[in-house]
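Structure first, commentary second.
Since the structure is predicted, the reported quantities are computational estimates derived from the model, not experimental observations. Each chain gets a letter, A, B and so on, in the order its sequence line appears, and its residues count up from 1.
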Amino acid sequence: MTLRAVKGMNDILPDEIGRWHALETVLRRTFELAGYREIRTPVLEPTELFVRSIGEATEIVEKQMFILKREEESLALRPEGTAGVARAYVASALHNREPVSRLYYLGPMFRAERPQRGRYRQFWQAGVEIYGDPGPGCDAELIDMLVRMLTGLGLQNLRVLVNSLGGADTRARYRDALAAYLRPKAAELSEHARRRLEDNPLRILDSKNPQDQAAVAGAPSILELLTPEDRAHFDGVTRGLTALGTPFEVSPGLVRGLDYYTRTLFEIQTSGAEIGSQNALLGGGRYDAMVKELGGPDVPAIGFALGLERVLLALPAVAPAREARCFVAPLGERAQVEALLVVRELREAGIPAEADTRGGSLKSLLRRADGTGSRLCVVLGDDEIERGAVTLKDLVARAQVEVPRAELVLRAREALASAPPAGSSDA
RNA sequence: GUGGCUGUAGCUCAGUGGUAGAGCGCCGGACUGUGGCUCCGGCUGUCGCGGGUUCGAUCCCCGUCAGUCACCCCA
């Protein structure tokens, strides 16, 4: 029996890694331009951390964590990034070093859900956390940055949903009001929603079941119950977004499955067949009470997390481009040895290079050169060696010149510096 | 976690109760030192895995695993 990867956990093969690198580069660049600095925290944390921050009654904590027992300890693979960063923020007393901390992270998260397109048991998230800024200006700035980043990546059909949950007391009042509204309609609800009625009625709001949607249609909106302070905060967010020209929809039905959110809540979705029903590309919001609950100072915070796999699914596939690399094709035994010297010389000059060591006809060597996606090929046979020269081929332009051996690095560099001709991407 | 569908070559898929095929890809040749086109030839499969029915199973039945769709959940 051959060994397989764990269910819902995927290998990322070299053919796909270019897209990952490209996305990661955009993420890091976007965050760093906006003043965020990277933080890396452990993949394994005390289970208690997630219970306390995400919430005991959430689906994630109840059913989806991978838990390791080791002696007396209970450890969990992180199901999301915010809790660990908050723990690190408190533990290292970052609030004493700077009034506002802008942090970002990028790494794998783990949830034991049933795998589906866009939903895996190990998946990658990137996110930021801002500590010490109560908003609402920074809320609007964050959402605007994200919309611009996704648009810049080439994503279309984005929906930006914004809501406010108010503070903990508002949330409790709304929970009661919603339950009171729905209880007489219990018979119209789906079985699942009926169970939710008492433990987490907010979740019924974003049910995809048509019965539930109908029942919820006339329900009170949480926005009506906001305190004047919460209301002013939310108005500040929407005013900021409007001023920035960021499109958004106020969506009172937007709720999230993590208990720590307060006030601002947002989600960016995309439509399109590629992504399937897991259409939330990123989500986030404010969690002003969490730092204090974890034993830190009373510092407000906001953050978001983006699913890398989902963004990659939503992004149009791009044909791989020819890379600025050089393939060395030796013909015959003398050339074999010479080829090794040539690649060493090219590499030392900073030009990625590989030599064929398997031999064969020039035809098959050139096919291999194509196969590597290289832009350049050096052909090296007895003829060239006699003349102290090499043949330098541009695989894209399909042109070649014989150059003195001593000038190879110089000429290769020139060839790579020139823009590849149009149509070069179809490797 | 619940329900449905699917699982055959590296990829996309066809197929039959008598142990398999196509296209693409890959390799070679036509072209003895010139690649993407054309033509010709060739290789590759525990028919997802385990059990059952049968003289015989890739095909029928059961189970299981994986993927996928919807729900659920969420990024």
Side-chain angles (χ1 to χ4, degrees), chain A residues 1-2 4-10 13 15 54 58-64 79-82 106 108-127 146 150 190-193 195-196 200 203-204 206-212 254-258 266-270 273 275-285 303-314 322 327 329-332 335 358 360-374 377 379-384 391 393-400 402 423-424 426-427:
Chain A
M1 176 112 184
T2 51
R4 335 165 130 229
V6 174
K7 179 194 187 94
M9 301 198 180
N10 304 311
L13 299 176
D15 281 353
I54 299 172
T58 58
E59 186 103 357
I60 292 177
V61 166
E62 275 182 346
K63 302 182 190 160
Q64 298 181 353
E80 54 101 53
T82 295
L106 172 62
M109 307 294 164
F110 304 84
R111 291 182 201 173
E113 297 183 276
R114 181 143 162 192
Q116 208 176 309
R117 174 176 288 262
R119 184 171 85 179
Y120 309 102
R121 291 188 161 194
Q122 174 173 333
F123 59 101
W124 287 71
Q125 282 193 339
L146 296 171
L150 294 178
S190 67
E191 191 191 331
H192 185 264
R195 262 183 283 129
R196 285 301 203 180
N200 199 349
R203 296 245 50 123
I204 304 174
D206 61 359
S207 169
K208 288 178 188 167
N209 185 305
Q211 279 175 273
D212 297 340
L254 176 66
V255 292
R256 308 215 66 80
L258 297 85
F266 61 91
E267 178 170 304
I268 301 184
Q269 305 174 342
T270 182
I275 190 120
S277 61
Q278 308 299 321
N279 62 351
L281 296 176
L282 65 86
F304 86 95
L306 166 147
L308 290 260
E309 285 90 348
R310 291 191 184 174
V311 171
L312 289 172
L313 279 172
R322 288 273 184 170
F327 186 90
L331 294 163
R358 288 187 291 156
S361 65
L362 179 58
K363 181 193 184 80
S364 50
L365 290 176
L366 287 173
R367 278 188 187 158
R368 279 172 214 165
D370 276 324
T372 64
S374 300
C377 179
V379 179
L380 197 55
D382 289 344
D383 300 359
E384 283 88 352
T391 297
K393 279 181 82 72
D394 185 322
L395 291 168
V396 177
R398 305 180 70 79
Q400 66 182 50
E402 185 166 305
S424 62
D426 51 16

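Both A:L331 and A:R121 lie close to RNA chain B; mapped to their nearest nucleotides by heavy-atom distance, the more 5′-ward contact belongs to A:R121. In terms of position on RNA chain B, the residue among A:N10 and A:D383 whose nearest nucleotide sits closer to the 5' end is A:D383.
Comparing B:rG67, B:rC73, B:rG35 by their closest approach to the side chain of A:Q64 singles out B:rC73. You'll find that the side chain of A:L282 is closest to B:rA75, out of B:rG35, B:rC72, B:rA75. Listed nucleotides B:rG33, B:rC72, B:rG3 differ in distance to A:S207; the shortest reach to its side chain belongs to B:rC72. Distances were taken from every side-chain heavy atom of A:T391 (C-beta onward) to each of B:rU34, B:rC72, B:rC74; the shortest belongs to B:rU34.
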Please produce a list of atom pairs where a protein N or O lies less than 3.5 Å from an N or O of nucleotides 24-32 of chain B.
none

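A distance of about 26 Å separates the C1' atoms of B:rU19 and B:rC24, rounded to the whole Å. For the P atom pair drawn from B:rG7 and B:rU12, the interatomic distance equals 13 Å after rounding to whole Å. When the P atom is used for both B:rG33 and B:rG21, the distance is 37 Å, rounded to whole Å. Rounded to whole Å, the separation between the C1' atoms of B:rA75 and B:rC37 comes to 46 Å. With both ends at atom C1', the span from B:rG10 to B:rG52 equals 34 Å, rounded to whole Å. Using P as the reference atom, B:rG50 and B:rG41 are 37 Å apart when rounded to the nearest Å. Of the P atoms belonging to B:rG45 and B:rA9, the separation is 11 Å, rounded to the nearest Å. The P atoms of B:rG42 and B:rG48 are separated by 27 Å, rounded to the nearest whole Å.
Across all strands, A:E384 comes closer than 4.0 Å to base atoms (heavy-atom distances). Heavy atoms of A:V311 sit nowhere under 4.0 angstrom from any nucleic acid atom. Across all strands, A:D382 comes closer than 4.0 Å to base atoms (heavy-atom distances). Using a 4.0 Å heavy-atom cutoff across all strands shown, A:R196 reaches sugar-phosphate atoms only and no base atom. Nucleic acid contact class of A:K208 (heavy atoms, under 4.0 Å, all strands): base. Using a 4.0 Å heavy-atom criterion, one finds that A:Q400 contacts the bases of the nucleic acid, with or without backbone contacts as well. Residue A:L395 is in base contact, counting any heavy-atom pair closer than 4.0 Å across all strands shown. Residue A:A305 is in sugar-phosphate contact alone, with no base atom involved, counting any heavy-atom pair closer than 4.0 Å across all strands shown. When heavy atoms are screened at a 4.0 angstrom cut-off, A:Q278 is found touching base atoms of the nucleic acid. Using a 4.0 Å heavy-atom criterion, one finds that A:G118 contacts the bases of the nucleic acid, with or without backbone contacts as well.
Looking only at side-chain heavy atoms (C-beta outward), A:I60 and A:E80 stay at 4.5 Å or farther from each other.
Here the closest non-hydrogen pair linking A:Q122 and A:P108 is NE2-CB, 3.5 Å. Contact between A:G360 and A:L365 at its shortest, heavy atoms only, is O-CD1, 4.1 Å. Listed here is the closest heavy atom pair of A:F327 and A:R368: CZ-CB, 3.9 Å. When all heavy atoms of A:G8 and A:Y120 are compared, the pair lying nearest together is O-CB, 3.4 Å. Closest of all the heavy-atom pairs between A:M109 and A:P79 is CB-O, 3.9 Å. A pairwise comparison of heavy atoms in A:G118 and A:Q278 identifies O-CB, 3.9 Å as the closest pair.
Scored by the salt bridge (Lys or Arg N to Asp or Glu O under 4.0 Å) test, A:E402 finds A:R387 as partners (sequence neighbours excluded).
Base pairing analysis places B:rA20 opposite nothing; no Watson-Crick or G-U wobble pair with both distances below 3.5 Å involves it. In this structure, B:rU53 makes no Watson-Crick or G-U wobble pair, since no nucleotide meets both defining distances under 3.5 angstrom. Nucleotide B:rU34 has no partner under the Watson-Crick or G-U criteria, as no pair reaches both atom distances under 3.5 Å. Across the strands present, B:rG7 finds its partner in B:rC65; the criterion is a Watson-Crick or G-U wobble pair with both atom distances under 3.5 angstrom. Here B:rC59 sits opposite no nucleotide as a Watson-Crick or G-U wobble pair (both hydrogen-bonding atom distances under 3.5 Å). B:rU2 and B:rA70 make up a base pair, with Watson-Crick or G-U wobble contacts both under 3.5 Å. Across all strands shown, B:rA14 remains unpaired; no Watson-Crick or G-U wobble contact has both distances below 3.5 Å.
With hydrogens and angles ignored, a donor-acceptor pair under 3.5 angstrom links the side chain of A:R119 to the base of B:rG1. Not a single donor-acceptor pair, N or O on each side, falls under 3.5 Å between the base of B:rG67 and the side chain of A:R114. Judged by atom type and distance alone, A:R203 does not reach the base of B:rC74 through any side-chain donor-acceptor pair under 3.5 Å.
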Nucleotides 6-11 of chain B: protein proximity per nucleotide (B base, S sugar-phosphate only, - neither; heavy atom, under 4.0 Å): ------

